Amino acid sequence: MFKKLRPLYDRVLLKRVEADQKTAGGIIIPDSAQEKPQIGTVVAVGAGRVNKAGDVVPMVVKPGDQVLFGKYAGSEIDDQHIILKEDEILGVIEG
């Protein structure tokens, strides 16, 4: 769909992590019954938010970070990618 996408301002491009296809008991979950994961890996970030004074506030997240985001946050680009504002990210997963 797109070759290269560079987010603007305080936007973040994420790639969703793959959802588990099986439960802990070994039952295979069909695609229609699976919920989309709310964890993603940061692919690209914008330059940052511009404050009222006109200064650019740098982004907190960086490419490669794994983050948790809200269920209805952002806009889906395709099945695997989502673009959202940095303030829609709930937290960075460490370790």
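For clarity, every value in this text was computed on a predicted model and none was experimentally measured.
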Qualifying residues under side-chain contact (heavy atoms from CB on, under 4.5 Å), relative to V57, sequence neighbours excluded: R49, N51
With sequence neighbours excluded, residues passing side-chain hydrogen bond (donor to acceptor under 3.5 Å, both in side chains) with K62: D65
Listed once per pair and sorted, the salt bridge (charged side-chain N to carboxylate O under 4.0 Å, His left out) pairs that draw on residues 84-95, sequence neighbours left out: none
Derivation and outcome, side-chain contact (heavy atoms from CB on, under 4.5 Å), residues I82 and F69: CA-CA 10 Å; I82 184 170; F69 56 92; 4.0 Å; yes
Residue among Q38, E76, H81 satisfying side-chain hydrogen bond (donor to acceptor under 3.5 Å, both in side chains) with R16: E76
Nearest atoms (heavy-atom pairs only) where V43 meets L14: CG2-C, 4.2 Å
Between CD1 on residue I93 and CD1 on residue I39, distance to nearest 0.5 Å: 4.0 Å
Worked verdict on V60 versus V92 for side-chain contact (heavy atoms from CB on, under 4.5 Å): CA-CA 10 Å; V60 175; V92 176; 5.6 Å; no
Residue that, paired with P7, satisfies side-chain contact (heavy atoms from CB on, under 4.5 Å) out of V42, V45, I83: I83
Spatial distance of atom CD (Q66) from atom NZ (K15) [nearest 0.5 Å]: 12.0 Å
Cluster check V17, L90: I/L/V/M/F/W/Y, side chain < 4.5 angstrom: yes
